[in-house]
Enquirer: 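Just passing along the structure, written as structure tokens.
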Amino acid sequence: ETNAVSQEKNNGVYIVYMGAADSSNDGTKNQQAELMSSLIKRKKDAVVHSYNNGFSGFAARLSEAEAKSIAQKPGVISVFPDPILQLHTTRSWDFLQYQTEVEISSGPISGSDNASPKGVDTIIGILDTGIWPESESFSDNDMSEVPSKWKGTCMESHDSTSFKCNKKLVGARFYDDSDEDGVRPSGSARDENGHGTHVASTAAGSPISGASYYGLASGTAKGGSPGSRIAMYRVCMTDGCHGSAIMKAFDDAIADGVDVLSLSLGSSSGLEVEFSSDPIAIGAFHAVEKGILVSCSAGNDGPGPATVVNVAPWILTVAATTIDRDFETDIVLGGNKLIKGGGISFGNLTKSPVYPLISGDLAKSGNTDVSEKNARYCNPNSLDGTKVKGKIVLCDNRDGYYSLTEKLTEVKSKGGIGFIVVDDNARTVAPKFKSFPAAVVTEKDSNEILSYINSTKKPVASVLPTVTIANYKPAPLVAYFSSRGPTYNTHNLLKPDITAPGVAILAAWPGNDTNEAVAGQAPPLYNIISGTSMSCPHVSGIAALVKAQNPSWSPSAIKSAIMTSALQTNNLKSPITTVSGSVATPYDIGAGEASPSLALNPGLVYETNTADYLQYLCSVGYDKSKIKLISNTVPNDFSCPTNSSSESVSQMNYPSIAVSNIKENEIKKVTRTVTNVGQEDATYTASIKAPVGLEVQVTPNKLVFTNNSKKLSYEVSFKASSKPKEDLFGSITWTNGKYKVRSPFVVSTNSQGV
């Protein structure tokens with residue numbers, strides 16, 4: 001969420017973006033220096049950050065008038081208020097004074113079992129809330145010396161605790177703003193939230209056996225690429241993640257020598273901005289141009305359409321799915337009828353159902369202002385203590401107005417001894433109730449409980465402590481909160497790109513978090529949280545594995561390998577579905593569920609080069625002069641096509657295909673080029689999966705690669721027999737018998753955002 005609105009007229013922070021850094025265009029450096037020195041003369045602490053390594057510019061305290069004036073100066077691409085972005089963890093069921101929930105885990109996705117996969121050393125840079133360096137997940141046992149390519153640093157904390165890096169956690173930086181008087185608060189890369197620690201351990205945590213959350217989900221916790229190094233860039237403070245700090249972290253990371261950058265944060269859906277004022281898109285563009293893959297979370301604003309964020313084509317955008325593990329909290333009704341609920345609770349009720357059970361509507365307060373509906377939802381001040389005391393209370397949570405926390409508090413404060421909440425979505429994400437006996441049930445199961453309550457004079461029940469269920473089916477399912485396509489600003493680029501585990505993930509946690517502790521127990525060293533924040537580092541870990549095995553591959557080749565090898569089926573060997581049971585489309589899961597083993601050997605890759613990205617900038621409204629400032633690799637003969645429209649984005653050499661604005665009997669054509677990275681001599685044949693009403697042809701439908709022809713192109717034509725009533729999905733798969741190289745496609749009738 002941006003704070004543009006709160007940008008005070010008197011010296012709020014603005015970001016001044018000036019494009020490429022080491023450009024042949026030496027003028028930029030001088031213009032940047034002149035602008036900064038004139039501001040510093042006026043006020044010594046006017047400049048908050050300066051950007052010099054990956055790109056040029058600075059962040060400074062400016063009045064609105066100064067910001068407008070600087071925007072007109074030569075060499076300046078854009079000036080925009082410093083936005084505050086949010087972590088992509090789920091907060092909706094986040095109760096009992098948790099600030100945010102985050103977690104990391106390897107789930108079913110995990111790299112090789114040996115801590116040091118073969119291949120070169122890789123370094124994953126993570127922009128987040130910091131890290132808890134003492135966690136066992138970051139121990140450097142048996143790790144070799146830090147590679148010489150690492151040029152970063154471990155910033156000394158301004159606090160009293162000693163923050164130490166090692167051969168696993170090779171670097172840590174933090175970006176505390178000085179206050180108005182130029183005084184720096186005590187700063188540190190230490191994680192005071194948990195999110196960054198969770199994310200880092202998910203991406204590259206060392207294998208730790210016997211990890212669990214108070215005995216639940218026990219097993220070996222390890223990151224997606226356990227042999228990789230971690231560099232933490234603490235860009236998030238208590239109020240969120242400042243765009244000016246995010247850009248500084250990108251600028252530093254480019255010079256530090258990271259291989260992959262992982263960002264589990266972004267704007268909220270509906271608050272997206274264009275490239276010129278998007279700190280993540282700007283920073284990522286320059287990182288990718290310098291050979292660093294950038295992986296970002298897709299957001300948690302699903303399941304509505306067009307909610308996906310971090311959609312720039314040079315970013316690998318990650319959605320979230322469940323894993324094959326469930327946290328089951330059983331409810332026993334009178335007559336020993338068992339209902340399988342969910343959530344995480346360490347209650348101490350007996351196994352036999354001896355506790356009185358009541359539904360919220362039957363426990364309505366006598367206050368005439370309280371409706372039966374309010375009581376059914378157990379909203380604050382809706383229940384009668386004399387009716388609730390000593391009972392387990394069934395509450396509905398489908399109103400969405402009050403949080404789970406507030407309803408739980410109402411039941412507890414009125415003397416309730418157990419809490420059963422009806423919420424289909426929360427059932428899938430394992431909300432935590434600590435030591436209070438509580439469970440989440442589906443609407444279907446709640447009907448059974450209600451009919452039991454209504455059929456007996458003295459209904460009784462018990463809520464048992466949670467147990468972990470392994471090999472849970474079906475999995476994966478698309479997380480209900482995972483943000484969905486289509487892309488809000490163009491229907492010619494398919495996002496998200498990929499999906500990975502992001503629900504109820506176990507990963508490392510700061511060891512001093514008493515808020516997360518269960519009564520009478522020490523704080524947990526591992527925690528279970530959900531969000532696309534958790535799925536993003538799974539994919540960052542896979543990217544590091546692919547890079548380790550193929551050190552010369554570009555970020556787009558690695559991204560292509562992950563996308564074209566992804567899976568679309570669940571553990572029942574059926575198509576992956578959403579929580580509601582409908583078959584998942586590319587708007588839900590992109591190319592599919594990332595596969596660490598298959599991504600290592602993709603066979604063919606789609607390389608998207610800077611020229612493709614520059615054409616994308618043409619299509620979103622930049623002219624050649626601005627684009628030359630943004631990138632110093634613009635060929636002299638580069639020009640934006642005269643009719644540069646969103647349509648040209650379809651022609652980007654991207655691993656997925658999106659065409660829009662299709663009319664009845666009209667033919668749309670796109671071209672793609674694949675590079676053979678498998679066996680030297682190979683013949684690939686295309687197979688097409690097309691929906692009814694769409695004719696799809698691939699020409700040629702056979703590609704013969706030899707030592708001399710490693711790159712080959714093909715054309716896809718789409719023809720709709722009638723104007724589609726809804727977006728159409730399908731796929732094109734190239735196979736040589738050994739490798740399958742699959743690209744999803746979407747054909748829509750719209751052209752622009754929804």
Side-chain angles (χ1 to χ4, degrees), residues 109 111-112 117-120 122 224-225 259-260 291 293 295 313 316 494 497-500 539 541-569 576 586 589-609 612 652-657 670-690 696-716 730-745:
I109 281 208
S112 53
K118 291 183 181 126
V120 300
T122 52
S225 179
D259 297 295
V260 174
L293 179 134
S295 163
L316 180 50
L494 174 57
D497 292 308
I498 196 80
T499 190
V539 172
I542 294 172
L545 288 174
V546 177
K547 174 80 176 179
Q549 186 163 306
N550 306 284
S552 63
W553 284 11
S554 66
S556 68
I558 296 169
K559 176 182 186 175
S560 173
I562 293 170
M563 289 173 67
T564 63
S565 63
L567 306 169
Q568 298 78 41
T569 52
I576 294 172
I589 59 172
E593 180 94 2
S595 162
S597 52
L598 295 174
L600 294 174
N601 295 296
L604 308 175
V605 293
Y606 293 83
E607 292 207 78
T608 320
N609 56 32
D612 282 311
M652 232 186 330
N653 198 41
Y654 208 76
S656 59
I657 297 172
V670 298
T671 303
R672 289 290 186 269
T673 302
V674 278
T675 306
N676 181 19
V677 293
Q679 303 145 316
E680 275 191 2
D681 295 328
T683 301
Y684 281 81
T685 310
S687 61
I688 300 165
K689 196 173 172 186
V696 183
Q697 286 188 323
V698 175
T699 319
N701 69 352
K702 210 171 243 178
L703 297 174
V704 181
F705 294 92
T706 63
N707 200 11
N708 300 324
S709 58
K710 285 194 177 355
K711 274 184 197 274
L712 295 173
S713 298
Y714 65 91
E715 185 181 75
V716 188
S731 63
I732 294 161
T733 304
W734 291 95
T735 181
N736 70 338
K738 184 174 182 185
Y739 303 117
K740 278 185 181 169
V741 187
R742 179 184 176 277
S743 293
F745 66 72

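The first residue in the sequence is number 1, and the count goes up from there. Heavy-atom basis, side chains included; hydrogens, waters and symmetry copies ignored.
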Enquirer: Do other residues, nucleotides or ligands put more than 12 heavy atoms under 6.0 Å from Gln568 CD?
Expert: yes
Enquirer: Does Lys738 reach the side chain of Asn601, with side-chain heavy atoms less than 4.5 Å apart?
Expert: no
Enquirer: Examine distances only and state if a side-chain atom of Asn653 and a backbone atom of Glu607 form a donor-acceptor pair shorter than 3.5 Å.
Expert: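 Such a contact is found between Asn653 side chain and Glu607 backbone.
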Enquirer: Using every non-hydrogen atom in the two residues, find where Ala594 and Ile498 come nearest and quote the distance to one decimal.
Expert: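 Shortest heavy-atom separation between Ala594 and Ile498 comes out as CB-CG1, 3.8 Å.
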Enquirer: Output the distance between atom OH (Tyr684) and atom NZ (Lys740), rounded to the nearest 0.5 Å.
Expert: 12.5 Å
Enquirer: Can you see which heavy atom on Val741 is nearest to which on Pro602, and at what distance?
Expert: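 So the two residues come closest at CG2-O, 3.4 Å.
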Enquirer: Is the shortest heavy-atom distance from the side chain of Asn736 to the side chain of Thr683 under 4.5 Å?
Expert: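 Result no, sub-4.5 Å side-chain heavy-atom pair not found.
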Enquirer: Looking just at side-chain N and O atoms, do Ser554 and Ser556 make a donor-acceptor pair shorter than 3.5 Å?
Expert: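 Ser554 vs Ser556: donor-acceptor pair found between side chains.
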Enquirer: For the OG atom of Ser595 and the CD1 atom of Ile542, what is their distance to the nearest 0.5 Å?
Expert: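 Here the interatomic distance stands at 7.0 Å.
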Enquirer: Would you say Val674 and Val605 make side-chain contact, with heavy atoms under 4.5 Å?
Expert: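 No. Closest side-chain heavy atoms not under 4.5 Å.
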Enquirer: Might you point out which heavy atoms bring Leu703 and Ser713 nearest each other, and give the distance in Å?
Expert: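 Heavy atoms only, the tightest pair is CD2-O, 3.9 Å.
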Enquirer: State, yes or no, whether a side-chain contact exists between Leu600 and Leu545 at a heavy-atom distance under 4.5 Å.
Expert: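 Heavy-atom side-chain distance check passes, below 4.5 Å.
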Enquirer: Can you measure from CG (Asn708) to CD (Glu680) and round to the nearest 0.5 angstrom?
Expert: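 One gets 9.0 Å once the value is rounded to the nearest 0.5 Å.
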Enquirer: Indicate the atoms forming the closest heavy-atom contact of Lys559 with Pro313, along with that distance.
Expert: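 Taking Lys559 first and Pro313 second, the nearest heavy atoms are NZ-O, 2.6 Å.
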Enquirer: Looking only at side-chain N and O atoms, does Asn676 offer a donor or acceptor that is under 3.5 Å from a partner on Tyr739?
Expert: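 On atom types as modelled, these side chains do not qualify, holding no pair under 3.5 Å.
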Enquirer: Are Phe745 and Val696 close enough that some pair of their side-chain heavy atoms sits under 4.5 Å apart?
Expert: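 They are in side-chain contact.
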Enquirer: Taking atom CD1 of Ile576 and atom OG1 of Thr499, what is their separation to the nearest 0.5 Å?
Expert: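 Ile576 CD1 to Thr499 OG1: 7.5 Å, rounded to 0.5 Å.
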Enquirer: Counting C-beta onward and ignoring hydrogens, is there a side-chain heavy-atom pair between Val698 and Ile688 closer than 4.5 Å?
Expert: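 When only atoms from C-beta onward are counted, Ile688 and Val698 do touch, with a gap below 4.5 Å.
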Enquirer: Shortest non-hydrogen contact from Leu494 to Pro744?
Expert: CD2-CG, 4.1 Å
Enquirer: Leu316 versus Ile562: any side-chain heavy-atom pair under 4.5 Å?
Expert: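 They are in side-chain contact.
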Enquirer: Mark yes when over 12 heavy atoms from residues, nucleotides or ligands other than Lys710 sit less than 6.0 Å from its NZ; otherwise mark no.
Expert: yes
Enquirer: With no hydrogens and no angle check, is any side-chain donor or acceptor of Arg672 less than 3.5 Å from a backbone partner on Pro655?
Expert: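 Not at all, since once roles are kept as given, no pair shorter than 3.5 Å links the two residues.
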Enquirer: Does a donor on one side chain and an acceptor on the other come within less than 3.5 Å for Lys711 and Thr675?
Expert: yes
Enquirer: Can you confirm whether Val677 sits close enough to Trp553 that some side-chain heavy atom of one is under 4.5 Å from a side-chain heavy atom of the other?
Expert: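 The answer is yes, as the side chains (C-beta and beyond) meet within the 4.5 Å cut-off.
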Enquirer: Which atoms form the tightest heavy-atom contact between Ala500 and Val539, and what is the distance?
Expert: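 Shortest heavy-atom contact: CB-CG2, 3.7 Å.
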Enquirer: Going from CG on Asp497 to OG on Ser295, what distance comes out if it is rounded to the nearest 0.5 angstrom?
Expert: 9.5 Å
Enquirer: Between Val260 and Ile558, does the side chain to side chain contact (heavy atoms under 4.5 Å, CB included) criterion hold? Intermediate values first, please.
Expert: CA-CA 10 Å; Val260 174; Ile558 296 169; over 6 Å; no
Enquirer: Measure the spacing between OH of Tyr714 and CD of Gln697 and express it to the nearest 0.5 Å.
Expert: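 If I round to the nearest 0.5 Å, the distance is 14.5 Å.
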